[in-house]
J.: 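First the structure, then my questions, so here it is.
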Amino acid sequence: MSSQELHAKILATKSFLQKEIVKNRTKSDPGALTFRQIGTRLDMIHEAERVGVRNLGERQNRKLTRMIAELEKLRNVNLN
């Protein structure tokens, strides 16, 4: 996955997680992720943004890609 594609997926994932926070606070979706699950994923995204998507190491790149794929599979959402 190129850095531009990864950056686009990161932005979509970040938006999705923000919506999950709203669902969690309003308790409108009982299947929403917990605050802890959302927080750990957002921490990964913020660290990647701090370092820069182009400057990510291979390991960090794989972790982010795996986390995004896991969210897509978990919620049946296409984060694109």
Side-chain angles (χ1 to χ4, degrees):
M1 180 180 306
S2 72
S3 62
Q4 291 177 342
E5 291 171 342
L6 183 60
H7 182 68
K9 287 220 179 233
I10 286 173
L11 291 178
T13 304
K14 201 169 159 182
S15 173
F16 171 75
L17 290 172
Q18 294 295 333
K19 291 175 186 173
E20 285 290 304
I21 288 174
V22 171
K23 288 179 186 177
N24 199 320
R25 285 190 179 159
T26 59
K27 308 242 189 274
S28 63
D29 184 9
L33 297 171
T34 65
F35 282 122
R36 181 165 289 186
Q37 291 171 327
I38 295 168
T40 56
R41 288 169 172 86
L42 281 176
D43 286 345
M44 287 175 60
I45 290 172
H46 291 149
E47 181 64 19
E49 289 176 333
R50 185 187 69 78
V51 172
V53 176
R54 292 182 180 158
N55 300 327
L56 288 178
E58 186 178 330
R59 182 172 180 249
Q60 291 173 317
N61 195 343
R62 273 187 278 129
K63 281 178 72 174
L64 273 173
T65 305
R66 187 172 43 231
M67 183 265 299
I68 291 169
E70 178 185 311
L71 278 176
E72 287 177 337
K73 184 178 147 186
L74 177 72
R75 301 296 282 177
N76 293 329
V77 176
N78 186 8
L79 299 173
N80 211 0

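Because only heavy atoms are used, hydrogens play no part in the values below, and waters and symmetry mates are left out as well, while side chains stay in.
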J.: Tell me, please, which residues at least two apart from R50 pass side chain to side chain donor-acceptor pair (under 3.5 Å).
T.: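 Scan of R50 (side chain to side chain donor-acceptor pair (under 3.5 Å), adjacent residues dropped) gives E47.
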
J.: Of all residues at least two apart in sequence or in a different chain, which pass the side chain to side chain donor-acceptor pair (under 3.5 Å) check with T65?
T.: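 Checked T65 against side chain to side chain donor-acceptor pair (under 3.5 Å); matches are N61.
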
J.: Same cluster for L33 and V22 if Ile/Leu/Val/Met/Phe/Trp/Tyr side chains link at under 4.5 Å?
T.: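 Different clusters: L33 never reaches V22 through Ile, Leu, Val, Met, Phe, Trp or Tyr contacts under 4.5 Å.
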
J.: Return the minimal non-hydrogen interatomic distance between L17 and I38, and the atom names on each side.
T.: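 Minimum heavy-atom separation between L17 and I38: O-CG2, 4.0 Å.
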
J.: Please report the C-alpha distance between Q37 and E20 in whole Å, then the side-chain angles of each, then the deciding distance to 0.1 Å, and finally whether the side-chain contact (heavy atoms from CB on, under 4.5 Å) criterion is met.
T.: CA-CA 10 Å; Q37 291 171 327; E20 285 290 304; over 6 Å; no

J.: Working to the nearest 0.5 angstrom, can you tell me the gap between I10 CD1 and H46 NE2?
T.: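 Those atoms lie 10.5 Å apart.
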
J.: Indicate the atoms forming the closest heavy-atom contact of V53 with H7, along with that distance.
T.: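 Shortest heavy-atom separation between V53 and H7 comes out as CG2-ND1, 3.9 Å.
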
J.: Hey, are the side chains of M67 and I45 touching, using non-hydrogen atoms and a 4.5 Å cut-off?
T.: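 SC-SC contact between M67 and I45 confirmed.
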
J.: Decide yes or no for T13 and E72: does some side-chain heavy atom of the first lie under 4.5 Å from some side-chain heavy atom of the second?
T.: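 A side-chain contact under 4.5 Å is absent here.
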
J.: Please report the interatomic distance CD1(I68) to CG(L71), rounded to the nearest 0.5 Å.
T.: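 Going from the CD1 atom of I68 to the CG atom of L71 covers 8.0 Å.
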
J.: Just to verify, what does S28 make a side chain to side chain donor-acceptor pair (under 3.5 Å) with, not counting sequence neighbours?
T.: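 S28 satisfies side chain to side chain donor-acceptor pair (under 3.5 Å) with T26 only.
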
J.: How far apart are the closest heavy atoms of L64 and A48, and which atoms are they?
T.: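 Smallest interatomic distance, heavy atoms only, reads CD1-CB, 3.4 Å.
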
J.: Between K63 and M44, what is the shortest heavy-atom contact and its length?
T.: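 Here K63 and M44 meet closest at O-CE, 3.7 Å.
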
J.: What distance separates K23 NZ from K19 NZ, expressed to the nearest 0.5 Å?
T.: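 Spacing of NZ (K23) from NZ (K19) equals 8.0 Å.
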
